[in-house]
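Only a predicted model underlies this, so the values are computations on that prediction, with no experimental measurement involved. First the proteins, then the strands, lettered A, B, ... as listed; each starts at 1.
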2 protein chains.
Amino acid sequence: MARTGRPREFDRDKALDAALVLFWEQGYEPTSLNQLKACMGNISPASFYAAFGSKEALFREVVQRYLQTHGQVMAPLWDETLSPRDAIERTLRASARMQTTRTHPQGCMMVLGACNCSPENQPVQSLLEDERARNRSGIAACVRRAVISGELEDSAATEVLPTLFATFLHGLSCEARDGNKAKKLDTAVTMLMQIWDNLAEASGTASRHS
Amino acid sequence: MARTGRPREFDRDKALDAALVLFWEQGYEPTSLNQLKACMGNISPASFYAAFGSKEALFREVVQRYLQTHGQVMAPLWDETLSPRDAIERTLRASARMQTTRTHPQGCMMVLGACNCSPENQPVQSLLEDERARNRSGIAACVRRAVISGELEDSAATEVLPTLFATFLHGLSCEARDGNKAKKLDTAVTMLMQIWDNLAEASGTASRHS
DNA sequence: CTATTTCCGTACTGATTAATATGGAAAACT
DNA sequence: AGTTTTCCATATTAATCAGTACGGAAATAG
């Protein structure tokens with residue numbers, strides 16, 4: 001445990017953050033080790049591999065860091081103290097704001113981070129695919145809660161609600177990357193939530209009739 | 001005009017189609033010339049460069065071909081014989097169906113074809129970005145038509161309608177690529193169109209009141 | 001101090017990248 | 001036939017890719 005020997009000269013956390021930004025901006029494959037080493041403080045190949053193992057291992061670590069920081073905009077989906085509708089709305093609004101913030105690359109890294117991959121990097125692609133699947137199941141869980149609580153009725157329309165929200169959520173990345181402003185996307189969220197309200201009203205009417 | 005000399009041995013059109021599928025599946029950068037030449041009928045480098053000029057030139061040609069075939073699902077947006085609402089609905093439904101068809105890669109090539117690019121390939125990225133901008137302005141044109149015809153009123157909500165539809169449209173690529181089924185996405189379109197109807201109804205009510 | 005341990009600068013690996021050079025074969029025109 | 005034109009197989013280019021080998025420098029432990 002007591003670390004002996006020469007201590008590393010660069011800040012591992014800072015290097016990780018720098019790599020995060022680069023991967024976020026360019027995606028996994030086009031980002032070269034030379035670029036990475038440069039932005040991580042001109043570290044040497046020896047230092048890089050000693051500290052992070054490989055390009056793929058670094059990327060996996062970067063993804064974890066992203067999820068624990070910027071990715072926390074998705075957290076409301078699993079917060080059962082929030083009403084299902086509120087959870088989804090908060091998630092969409094926070095995502096829209098985060099993805100358009102200019103202090104880092106635009107769009108969501110889980111959507112844009114490994115879009116274009118050679119067959120050999122399929123595992124990296126799957127890593128992000130799994131995260132997107134988590135998003136969908138989080139939304140689906142909210143809808144399920146709303147059905148159980150009676151806020152929504154268990155109809156065919158309710159069943160595709162998760163797909164609708166997920167499509168919009170993941171579409172935000174494209175819009176943010178292409179330069180759409182936070183306010184516009186936020187207002188779009190407001191309008192999208194009308195669909196929930198339409199269904200909730202229908203359910204309320206139905207239960208009032210029963 | 002009269003072509004003399006030895007005729008080329010491979011079918012240029014077939015080769016272009018094969019390249020289209022490969023680019024569509026993997027994206028611009030990860031697709032190597034070796035892969036391209038292989039799928040285009042094991043043509044030689046000499047044949048490749050003689051016929052297509054360069055990887056980027058081939059990609060640009062592929063994009064044009066895509067737009068003239070699969071990309072025609074966007075055509076309703078510029079068809080003024082259709083009602084604005086119908087134009088958007090047809091576009092979304094046709095996109096959802098096309099992007100989930102299993103006879104070719106899933107998702108839209110204009111969204112997924114050059115997501116991850118090195119700085120040096122920025123021009124390629126911009127090429128697709130421009131096409132996505134065209135999509136947005138097509139949707140915006142439909143909304144403008146609806147405002148002029150009185151179907152929608154000129155409100156703040158109406159103003160973000162294009163952003164809402166564009167976000168959904170471009171989000172379809174992510175959902176299709178991740179394996180969502182045509183029917184689910186189509187039903188999601190049905191629900192999304194409710195927002196148009198909400199606004200149209202409000203406009204109708206307003207004009208009835210005036 | 002010496003011994004140990006880790007870090008890092010440099011050089012280098014083999015593989016792959018997009019793109020070219022060369023030269024013979026094949027087809028068409030005269 | 002003879003000439004011209006194009007096509008294509010092969011070999012090769014310089015650059016870059018991710019990842020390693022090695023050896024001196026630096027810091028801690030005793």
With no hydrogens and no angle check, do the side chains of Thr187(B) and Thr190(B) hold a donor and an acceptor under 3.5 Å apart? no
Indicate yes or no for a side-chain donor-acceptor contact from Glu175(B) to the backbone of Thr163(A) under 3.5 Å, with no hydrogens or angles considered. no
Do side-chain atoms of Lys181(B) reach the backbone of Ala176(B) as a donor and acceptor pair under 3.5 angstrom? no
Distance check needed: dC17(D) C1' versus Asn121(A) CG, whole Å only. 12 Å
For the side chain of Gln106(B) and the backbone of Thr101(B), is there at least one donor-acceptor N/O pair under 3.5 Å apart? yes
Please check: side-chain N/O of Asp11(A) versus main-chain N/O of Lys14(A), any donor-acceptor pairing under 3.5 Å? yes
In whole angstrom, what separates Glu56(A)'s CD from dC17(D)'s C1'? 16 Å
Take the protein atom CD1 of Ile43(B) and the nucleotide atom P of dT6(D), then report the distance between them rounded to whole Å. 18 Å
Is the backbone of Met109(B) close enough, under 3.5 Å, to the side chain of Tyr66(B) for a donor and an acceptor to pair up by distance? yes
Could you state the atom-to-atom distance from CZ of Arg8(B) to P of dA25(C) in whole Å? 22 Å
So what does Thr31(A) hit on the nucleic acid, given a heavy-atom distance under 4.0 Å: a base, only sugar-phosphate, or nothing? sugar-phosphate
Would one find a side-chain N or O of Asn34(A) under 4.0 angstrom from OP1 or OP2 of dT16(D)? no
Would you indicate, yes or no, if dC8(D) has its OP1 or OP2 atom less than 4.0 angstrom from a side-chain nitrogen or oxygen of Ser44(B)? no
Options dA9(D), dA18(D), dT20(C), nucleotide nearest the side-chain atoms of Pro45(B): dT20(C)
If you take any heavy atom closer than 4.0 Å to DNA chain C, which residues from residues 12-26 of chain B end up in contact? none
Does Arg65(A) offer a backbone N or O that forms a donor-acceptor pair with the side chain of Thr69(A) under 3.5 Å? yes
From CD of Glu120(B) across to C1' of dC17(D) the rounded distance in Å is 12 Å
Can you tell me how far P of dC7(C) sits from CZ of Phe52(A), to the nearest Å? 12 Å
Is a side-chain N or O of Ser126(A) found less than 3.5 angstrom from the main chain of Gln122(A), in a donor-acceptor match? yes
If you pin Gly53(A) and Ser32(A) to their nearest nucleotides in DNA chain D, which one's is more 5'? Ser32(A)
In whole Å, I'd like the distance from the CD atom of Glu29(B) to the P atom of dT16(C). 18 Å
Interatomic distance where CG belongs to Asp11(B) and C1' belongs to dC7(D) [whole Å]: 16 Å
Pairs under 3.5 angstrom, nitrogen or oxygen only, protein versus nucleotides 22-27 of chain D, please.
| unit_1 | atom_1 | unit_2 | atom_2 | d |
| --- | --- | --- | --- | --- |
| dA25(D) | N3 | Arg6(A) | NH1 | 3.3 |

Glu29(B) side-chain N/O to Ser118(B) backbone N/O, donor-acceptor pair under 3.5 Å: yes
